[in-house]
Amino acid sequence: QGAFITFLFGLHSNTHRVVAWLFLHLLSDPRAFLRVRREIDHAIDVEFGDLETLLSAPPTRLGVSSFPLLESAIMETLRLWLAAVTVRDVLEDTEFLSGDLRAPLVAHAGDMVMGNSSAVNMSDDFFEDPDTFQVDRFVGCSATKEEDGRSRTVPLGIFGTGTHVVRVPGT
């Protein structure tokens, strides 16, 4: 019971934090707020017909296909404000090279390693102007190379299957 309550506390505290930051970003940028609002109003009017239909829609009808800008805003908030914890088991002995160390770091099979996903999410190598909230950063984005050789990638997710707590079949 204690573990379950702890899980629920963590889930809800992180959810509240993301929602608070999303609203703070949108309220501090009236143009971004209006763009997201227009997208939602358009989806209600055209795709769903009314608010009641939207609220009763299955999760598979929500997301990038119906709300690409809102989905991007949420992913951008996650990128900025939640540190992804990516703990993995080492399957075979591996050396990690570092420019700061005289000798490589060695992880042996059976060890556990944790990646610094915040360093990736806040890196100029992966995201242009990474310290700035950009509402449309992830609209139509995939992990491909741009013309200038930079990678446009989705942020490292905080959950096991990317941006979702539980993977939905077909996603």
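These figures come from a predicted structure and were not determined experimentally.
In terms of heavy atoms, F33 sits closest to L26 at CB-O, 3.3 Å. Of all heavy-atom pairs between T132 and R79, the closest is O-NH2, 3.7 Å. Across E76 and Q134, no two heavy atoms sit closer than the pair OE2-N, 3.0 Å. In plain terms, the two heavy atoms of R137 and D129 that are nearest each other are NH2-O, 3.2 Å. Heavy-atom minimum distance, A109 versus D93: N-OD1, 2.8 Å. Between V36 and L69, the closest heavy-atom pair is N-CD2, 3.7 Å.
With sequence neighbours excluded, the residues that form a ring-ring contact (aromatic ring centres under 6.0 Å, His included) with F133 are H25. By the side-chain hydrogen bond (donor to acceptor under 3.5 Å, both in side chains) test, S72 pairs with no residue at all, sequence neighbours left out. The salt bridge (charged side-chain N to carboxylate O under 4.0 Å, His left out) check on R37 picks up D41, with sequence neighbours excluded. A search for side-chain hydrogen bond (donor to acceptor under 3.5 Å, both in side chains) contacts involving T6 returns nothing, not counting sequence neighbours. Partners of D131 according to the side-chain hydrogen bond (donor to acceptor under 3.5 Å, both in side chains) rule, which considers only residues two or more places apart in sequence or in another chain, do not exist here. Residues passing the side-chain hydrogen bond (donor to acceptor under 3.5 Å, both in side chains) test with S65: none are found, sequence neighbours excluded.
Counting heavy atoms from C-beta outward, D136 and V139 have side chains that approach closer than 4.5 Å. Contact check for T77 versus V19: no side-chain heavy atoms found under the 4.5 Å cut-off. Using a 4.5 Å heavy-atom cutoff, the side chains of E71 and S66 are not in contact. Contact check for F127 versus N121: side-chain heavy atoms found under the 4.5 Å cut-off.
In the hydrophobic clustering of this structure, L62 groups with L22; members are Ile, Leu, Val, Met, Phe, Trp, Tyr whose side-chain heavy atoms approach within less than 4.5 Å, directly or through other members. No path of Ile, Leu, Val, Met, Phe, Trp and Tyr side chains, each step under 4.5 Å between heavy atoms, connects V135 with V64, placing them in separate hydrophobic clusters.
In terms of modelled atom types and a separation under 3.5 Å, the side chain of T94 and the main chain of E92 share a donor-acceptor contact. Judged purely by atom type and a 3.5 angstrom limit, D45 has no side-chain atom pairing as donor or acceptor with the backbone of H42. No donor-acceptor distance shorter than 3.5 angstrom exists from the side chain of D89 to the backbone of M112, with no hydrogens or angles considered.
More than 12 non-hydrogen atoms from other residues, nucleotides or ligands lie less than 6.0 angstrom from CZ of F96. Heavy-atom contacts from other residues, nucleotides or ligands closer than 6.0 Å to CG of L91 number 12 or fewer.
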request  = Show your reasoning for whether side chain to side chain contact (heavy atoms under 4.5 Å, CB included) applies to L80 and W21.
outcome  = CA-CA 9 Å; L80 286 167; W21 277 111; over 6 Å; no

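Considering OG of S56 and CZ of F48, their distance stands at 9.0 Å, rounded to 0.5 Å. Interatomic distance, R17 CZ to L78 CG, rounded to the nearest 0.5 Å: 10.5 Å.
Evaluated for a side chain to side chain contact (heavy atoms under 4.5 Å, CB included) with T53, the options L55, L51, D50 yield exactly one hit, D50.
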